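For reference, the structure discussed in these notes is given below.
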Amino acid sequence: MANEKGLNFIEEIVEKDLKSGKYQQIITRFPPEPNGYLHLGHAKSICLNFGLAKDYNGKTNLRFDDTNPITEETEYVDSIKSDVRWLGFEWANELYASDYFDQLYDFAVDLINKGLAYVDDSTSEEIALQKGTPTKHGTDNKYRNRSVEENLKLFEEMKEGKYKDGAKVLRAKIDMKHANMLMRDPVLYRIKHAHHHRTADKWCIYPLYDFAHGQSDAIEGVTHSICTLEFVPHRELYDWFIEKLEIFPSKQYEFARLNMTYTMMSKRKLLLLVNEKHVNGWDDPRMPTISAMRRRGFTPESIRDFCERIGVAKRDNLIDFGLLEFCVRDHLNKIALRRMMVLDPIKVVITNYESGKEEFLPSENNPEDDTAGSRNLPFCNELYIERDDFMENPPKKYFRLFPGGMVRLKSAYIIQCDEVIRNASGEVEELRCTYFPESKSGSDNSGLKVKGVIHWVSAKHAVPAEVRLYDRLFNTEDLGAIEDDFTNHLNPESLKVQHAYAEPELVNAKAEDRFQFMRIGYFCMDLDSTKDKLVFNRTTTLRDMWSKEQKKA
RNA sequence: UGCCCGAUGGUGUAACUGGCAACACGCUUGAUUUUGAUUCAAGAAAGUCUAGGUUCGAGCCCUAGUCGGGCAACCA
């Protein structure tokens with residue numbers, strides 16, 4: 001059982017249903033349509049549905065809502081399965097709405113026999129017109145009163161392929177004046193002579209969502225059918241089918257979908273970003289898809305933690321992107337190995353260190369994890385340090401390197417900057433420093449006290465690497481509030497590629513390995529990485545009080 | 001001129017179902033630190049959309065408003 005306190009409203013319902021004996025065991029389902037990749041919003045739903053089953057000893061089915069063959073593909077089916085597994089969940093059964101096409105057809109015939117469905121020859125425009133508006137009643141048409149026999153024959157002929165796409169539909173016969181527009185004789189079946197990813201060319205008529213989803217739930221004995229708020233008005237129809245068809249009474253419950261700052265969470269729009277090449281595919285690390293987040297270096301644990309923290313309720317929400325960052329940092333801090341990487345180098349020459357000499361200095365792999373061990377860093381008289389770890393005219397409270405100043409090189413020695421060398425255009429090109437041999441890490445008896453510790457790599461041993469620095473894909477905080485084309489809000493600087501110098505240990509990394517590049521951020525080795533060209537994606541930066549301090553000034 | 005949801009610090013979620021609003025993120029300040037990270041400590045921040053009502057007592061119940069969101073795809 002979950003915690004005694006702080007249950008969300010769905011957990012409350014489940015507990016009540018279990019306690020009252022209404023159900024011995026709960027069954028939930030995660031029902032994606034295979035027409036795109038899963039995103040963070042789906043992760044919320046996955047964690048909810050699978051989490052419920054896990055907490056209350058139930059089962060969760062993975063059911064593909066594949067009733068529209070035009071937009072659905074097996075590529076999407078495969079990606080969805082892989083993403084759910086990666087997130088750490090296993091389904092009880094892998095199912096498809098298309099598994100039920102025969103039964104759904106029988107349900108439709110049953111409705112016709114009961115006088116509750118009819119074949120309509122109207123065009124979609126006519127149907128839309130007759131439907132009225134939210135404030136205006138709809139009107140009956142002449143097809144509404146066809147006899148059961150005629151409807152049976154026509155529907156059969158629809159199935160046989162006697163009619164062209166759009167020529168006829170099967171509709172429920174409910175009430176064209178109903179206040180809920182979904183109850184105004186909703187379309188149940190449409191004709192589509194299309195190849196289906198699973199049933200191939202067996203069918204040329206396909207049920208719509210409303211006639212497939214609830215019945216699929218009923219067939220599977222789903223006890224709690226959990227979906228997002230936009231389906232609230234569908235619930236009345238959902239219940240109507242259950243009643244008229246006399247099938248298992250699944251119950252639908254709705255929660256508010258996830259919205260996040262600077263993030264677009266619509267499958268349709270994400271598809272457009274992919275198709276129009278605003279990003280490099282569904283798993284471009286800037287995308288909010290699960291596969292992209294994986295590639296970027298997020299961990300399943302951190303995503304689950306995030307979903308836990310945002311909670312489940314019915315009011316509209318806009319989650320701060322910073323919460324997600326907090327969750328990854330929190331996890332990565334504990335597990336990511338520390339490495340040193342210089343993104344924007346300045347060369348440092350240590351004038352009092354013998355030029356042919358090199359030594360190997362141990363450095364812990366992860367101070368948060370005693371079992372992580374250490375590796376040896378090569379050290380010599382030529383190093384690279386980060387360009388902004390040096391300032392000629394430092395502001396107050398700057399405690400990195402400046403002319404005449406001292407810093408510690410992490411896991412190595414304290415150095416002092418003696419001389420600044422510029423190139424022709426006046427840029428700082430090289431720093432001449434002296435080191436203090438007695439200040440060696442681990443055996444420091446120099447008596448020197450420095451505030452700053454900076455990262456570095458040996459210029460002679462460093463290996464070049466490509467580093468991909470990602471920023472938010474959009475510049476606008478609340479994309480739900482915009483009126484214009486969302487592509488106007490893309491951040492042109494969402495990706496910066498930088499050539500960097502890595503400590504040599506990094507050549508042993510494998511794709512998807514995650515690291516903390518000390519004082520810079522968390523990074524993940526990209527799939528594109530090769531032995532000759534290391535590539536890392538920045539998952540997120542480290543928290544940075546110094547930049548905050550500077551902004552104040 | 002309809003129907004359906006919703007409303008608690010900046011953000012998100014709680015509040016033993018009527019007993020003087022809690023947790024997390026963020027923010028501020030300080031300590032520790034060979035990552036300006038982490039960690040630790042302290043603090044600011046809502047009187048629960050409004051107005052009535054019931055009650056000894058209301059964020060929780062009732063009434064009427066206000067505001068926000070959704071509903072007119074042969075999409076899901």
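Just so it is clear, the structure is predicted and the values come from calculations on it, not from any experiment. Every chain is numbered from 1 and lettered A, B, ... according to where its sequence line falls, protein lines coming before strand lines.
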- Item | Distance, nearest 0.5 Å, that separates CE of A:Met518 from CH2 of A:Trp456 | 12.0 Å
- Atom CD of A:Glu477 and atom C1' of B:G10 are separated, to the nearest Å, by 10 Å
- Whole-angstrom distance between B:G18 and B:A24, as gauged at atom C1': 27 Å
- Message: By the 4.0 Å heavy-atom rule, please label A:Glu126 as base, sugar-phosphate, or nothing.
- Response: nothing
- Task: Starting from P on B:U13, measure out to CD1 on A:Ile10 and report it in whole angstrom.
- Result: 13 Å
- Sugar-phosphate only, base, or nothing, as touched by A:Leu318 at under 4.0 Å among non-hydrogen atoms: sugar-phosphate
- Task: Answer syn or anti for B:U17, where the cut-off is 90° from 0 on the glycosidic torsion.
- Result: syn
- Separation between the C1' atoms of B:U17 and B:C3, rounded to whole Å: 29 Å
- What interatomic distance, in whole Å, is found between C1' of B:G70 and the corresponding atom of B:C16? 34 Å
- How far does the C1' atom of B:C60 sit from the matching atom of B:U54, given to the nearest Å? 14 Å
- Task: Could you tell me whether a side-chain N or O of A:Asp66 sits under 3.5 Å from a main-chain N or O of A:Ser98, the two making a donor and an acceptor?
- Result: yes
- Task: Send over the distance from A:Asp330 CG to B:A37 P, rounded to a whole Å.
- Result: 15 Å
- Could you list by number each residue of residues 253-265 of chain A showing a heavy-atom separation from RNA chain B of less than 4.0 Å, or answer none if no residue does? none
- Message: How many whole angstroms separate atom CG of A:Asn317 from atom P of B:G6?
- Response: 14 Å
- Item | Whole angstrom value for the distance that separates C1' of B:A37 from CE of A:Met341 | 18 Å
- Count the heavy atoms belonging to other residues, nucleotides or ligands that lie under 6.0 Å from CZ of A:Arg387, then report whether that count exceeds 12. yes
- Steps toward side chain to side chain donor-acceptor pair (under 3.5 Å) verdict (A:Asn445, A:Glu438): CA-CA 6 Å; A:Asn445 50 23; A:Glu438 336 67 80; over 6 Å; no
- Message: Tell me whether the rings of A:Tyr206 and A:His196 are parallel (<30°), tilted (30 to 60°) or perpendicular (>60°).
- Response: parallel
- Task: Count the heavy atoms of every other residue, nucleotide or ligand shown that sit under 6.0 Å from OH of A:Tyr100, and state whether that count exceeds 12.
- Result: yes
- Message: Parallel, tilted or perpendicular, judged at 30° and 60°: which one describes the rings of A:His42 and A:Phe30?
- Response: perpendicular
- Check against side chain to side chain donor-acceptor pair (under 3.5 Å), A:His331 and A:Thr299: CA-CA 8 Å; A:His331 187 223; A:Thr299 61; 2.7 Å; yes
- Query: Quick check: does any side chain N or O of A:Thr228 sit under 3.5 Å from a backbone N or O of A:Glu230, one acting as donor and the other as acceptor?
  - Reply: no
- side chain to side chain contact (heavy atoms under 4.5 Å, CB included) involving A:Glu325 - partner list, sequence neighbours excluded: A:Phe321, A:Arg329, A:Thr540
- Query: Which of these passes side-chain contact (heavy atoms from CB on, under 4.5 Å) with A:Ile226: A:Arg29, A:Glu254, A:Lys251?
  - Reply: A:Arg29
- Query: So what does the secondary structure string of RNA chain B come out as, 5' to 3', with Watson-Crick or wobble pairs under 3.5 angstrom, [ ] for crossing and | for pairs with another strand?
  - Reply: .((((((..((((.....[..)))).(((((.......))))).....(((((..]....))))))))))).....
- Atom-to-atom span, CG of A:Asp305 to P of B:G12 - whole angstrom: 18 Å
- Task: Summarise protein proximity over nucleotides 69-76 of chain B in one line of letters, 5' to 3': B for base, S for sugar-phosphate only, - for none, counting protein heavy atoms closer than 4.0 Å.
- Result: S--B-BSB
- Task: Tell me whether B:G47 sits syn or anti, counting syn as a glycosidic angle within 90° of 0.
- Result: syn
- Task: Just call it for A:Tyr398: base, sugar-phosphate, or nothing, with non-hydrogen atoms closer than 4.0 Å on any strand.
- Result: base
- Task: For A:Glu236 and for A:Gly311, locate the closest nucleotide of RNA chain B by heavy-atom distance; then report the residue assigned to the nucleotide nearer the 5' terminus.
- Result: A:Glu236
- Task: For B:U8 and B:A46, measure between their P atoms and round to the nearest Å.
- Result: 15 Å
- Taking all heavy atoms of A:Leu383 and all of A:Ser458, pick out the closest pair and write down the distance. CD2-CA, 3.9 Å
- Query: Do you know which of A:Arg144, A:His178, A:Arg171, A:Lys173 makes side chain to side chain donor-acceptor pair (under 3.5 Å) with A:Asp185?
  - Reply: A:Arg144
- Would you call the rings of A:Phe379 and A:Tyr435 parallel, tilted or perpendicular if under 30° counts as parallel and over 60° as perpendicular? tilted
- Using a heavy-atom cut-off of under 4.0 Å over every strand shown, decide if A:Arg400 touches base, sugar-phosphate, or nothing. base
At a cut-off of 3.5 Å, list every protein nitrogen or oxygen paired with a nitrogen or oxygen from nucleotides 59-62 of chain B, distance to 0.1 Å.
none

- Could you give me the CA-CA distance, side-chain angles and deciding distance for A:Tyr105 and A:Phe155, then say whether ring pair (Phe, Tyr, Trp, His ring centres under 6.0 Å) is met? CA-CA 10 Å; A:Tyr105 181 83; A:Phe155 186 48; 4.8 Å; yes
- A:Ile335 atom CD1 is separated from B:U38 atom P, nearest whole Å, by 16 Å
- Query: To the nearest angstrom, how far is A:Met391 atom CE from B:G36 atom P?
  - Reply: 16 Å
- Find out whether the Lys NZ or Arg CZ of A:Arg339 is both under 6.0 angstrom from the six-membered ring centre of A:Phe517 and within 45° of the ring's axis. no
- Task: Classify every nucleotide of nucleotides 21-35 of chain B by which part a protein heavy atom approaches to under 4.0 Å, writing B for the base, S for the sugar-phosphate alone and - for neither, in 5'-to-3' order.
- Result: ---SSSS-S---BBB
- Between B:A51 and B:G59, how far apart are the P atoms? Round to whole Å, please. 13 Å
- Message: Check A:Arg257 with A:Asp316, please: is the shortest side-chain N to carboxylate O separation under 4.0 Å?
- Response: no
- Sticking with atom C1', work out how far B:A14 lies from B:C4, rounded to a whole angstrom. 26 Å
- Nearest atoms (heavy-atom pairs only) where A:Leu104 meets A:Pro207: CD2-CG, 4.1 Å
- Please measure how far the C1' atom in B:U32 lies from the corresponding atom in B:C40, and state the result in whole Å. 8 Å
- Query: Looking across every strand, which nucleic acid part, if any, lies under 4.0 Å from A:Val450 by heavy atom: base, sugar-phosphate, or nothing?
  - Reply: nothing
